[in-house]
Number of protein chains: 2
Amino acid sequence: MNIGDVAERSGLPAKTIRYYEDIGLIRPKRGGNGYRAFGNADVHKLAFLGRARSLGFSIEECRALLALYEDEGRASSEVKQVAEEHLEQIDRKVAELQAMRTTLAKLIQRCYGDNRPDCPILDDLAGEDSATTAHG
Amino acid sequence: MNIGDVAERSGLPAKTIRYYEDIGLIRPKRGGNGYRAFGNADVHKLAFLGRARSLGFSIEECRALLALYEDEGRASSEVKQVAEEHLEQIDRKVAELQAMRTTLAKLIQRCYGDNRPDCPILDDLAGEDSATTAHG
DNA sequence: CCTTGACCTTCCAGTTGCTGGAAGGCGCAT
DNA sequence: ATGCGCCTTCCAGCAACTGGAAGGTCAAGG
């Protein structure tokens, strides 16, 4: 199978597949013409990676998950730990974004948004401590 | 004022301040020794930038906000629009993370996390369509 | 047989927002 | 003069790709 087919079947762009080979996530064979020659196992791995990435796992986490996947003797606790750490990471990120959201929404609400220059959003950013401020 | 003082007063690392000069967010003067010579206005701008960044505005959004801040004739609607677009961006990101979170939490819950190899998390990533699967 | 076009290859650069480090200059105290 | 702590510039690297240039390959059509 050539990279174009694999891209279609795995849902990943060809560029990304080449990149994944570069960083050692997959090791497709090569044909006599220099083209990558993928097998079904490669497609399967790539789809695995795509799903893991879509859950937000980093490349290194994906590498670890893939290794666990291929290790018949793994303990599911190892997988679970990777997943739990990632979940915590997500939760931290969500909390951070929610905090920003709260502050920003308050500022927006107080801004008239008309053609006059007075703006509580700018006032806040400028450090005028009116009411809302609660940054980083 | 030297960069060290400004870093302390603005809360931004010296490296970041130099970077902000590089990309044209600030334009401190220079003394005869080649050192940057900051004024209070620079410190103020940098603090503004720090707060905007802490609300998640991109550098380019910060640039726009700073320009609006310095434009006495601005309309607050312009500021509000920048802020509202950023708010929507945040909401999209939060939704994305929540979706990941939901899927991931379900998988984690179904994994025993013991020393046996069977693992619903890996099964899901491998594409075995049991129950939970719903990837991006 | 030759050309056309869609593939494939490699390599380099750019994205975002810094951060670290090397190599060297400046200013003050000893 | 020497040491220390500033300051300067420039180069590299992080994550995870993405775009594009320059060129090789392959199957089809004239």
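Residue numbering restarts at 1 for every chain, and letters A, B, ... go by the order of the sequence lines.
Every residue meeting the side-chain contact (heavy atoms from CB on, under 4.5 Å) condition with A:Tyr35, not counting sequence neighbours, appears here in chain and number order: A:Asn2, A:Asn33. Evaluation of the side-chain contact (heavy atoms from CB on, under 4.5 Å) rule for A:Gln81 yields A:Glu85 as partners, not counting sequence neighbours. Residues forming a side-chain contact (heavy atoms from CB on, under 4.5 Å) with B:Arg9 (at least two apart in sequence, or on another chain): B:Met1, B:Asn40, B:Val43.
If you take CD1 of B:Ile3 and P of C:dG27, they are 16 Å apart, rounded to a whole angstrom. Distance CG (B:Leu46) to P (C:dC18): 12 Å, rounded to an integer number of Å. Atoms NZ (A:Lys15) and C1' (C:dT15) sit 14 Å apart, rounded to a whole Å. A straight line from CZ of B:Arg63 to P of C:dT16 spans 11 Å, rounded to a whole angstrom.
The C1' atoms of five pairs define one axis at each end of the helix from C:dC1-D:dG30 to C:dT30-D:dA1, and these two axes lie 40° apart (to 10°).
In this structure, B:Leu55 CG and A:Thr102 OG1 are separated by 10.5 Å, a value rounded to the nearest 0.5 Å. The distance from atom CG of A:Asp91 to atom CD of B:Gln98, rounded to the nearest 0.5 Å, is 8.0 Å.
For the pair A:Glu21 and A:Arg27, the salt-bridge criterion is not met [side-chain N within less than 4.0 Å of a carboxylate O]. The residues B:Arg116 and B:Asp118 are annotated as not salt-bridged, no charged nitrogen and carboxylate oxygen being separated by less than 4.0 angstrom.
Considering only heavy atoms from C-beta on, A:Arg36 stays 4.5 Å or farther from A:Lys29 through its side chain.
No side-chain N or O of B:Ser77 forms a donor-acceptor pair with one of A:Asn115 less than 3.5 Å apart.
Taking 4.0 angstrom as the limit, B:Thr16 places a side-chain polar atom (N or O) nearer than this to OP1 or OP2 of C:dT19.
Near DNA chain C, meaning a heavy atom under 4.0 Å from it, residues 17-29 of chain A has A:Arg18 in order of number.
In 5' to 3' order, the nucleotides of DNA chain D bounding all contacts with chain A (an atom under 4.0 Å from a heavy atom) are D:dA16 to D:dC26.
Residue-to-nucleotide contacts include no donor-acceptor pair under 3.5 Å from the side chain of B:Tyr35 to the base of C:dG27.
Under a 3.5 Å cut-off, the side chain of A:Ser76 and the backbone N or O of B:Asp114 do form a donor-acceptor pair.
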Q: Might you work through the side chain to side chain contact (heavy atoms under 4.5 Å, CB included) test for A:Lys80 and B:Cys119, ending with a clear yes or no?
A: CA-CA 8 Å; A:Lys80 192 168 186 173; B:Cys119 178; over 6 Å; no
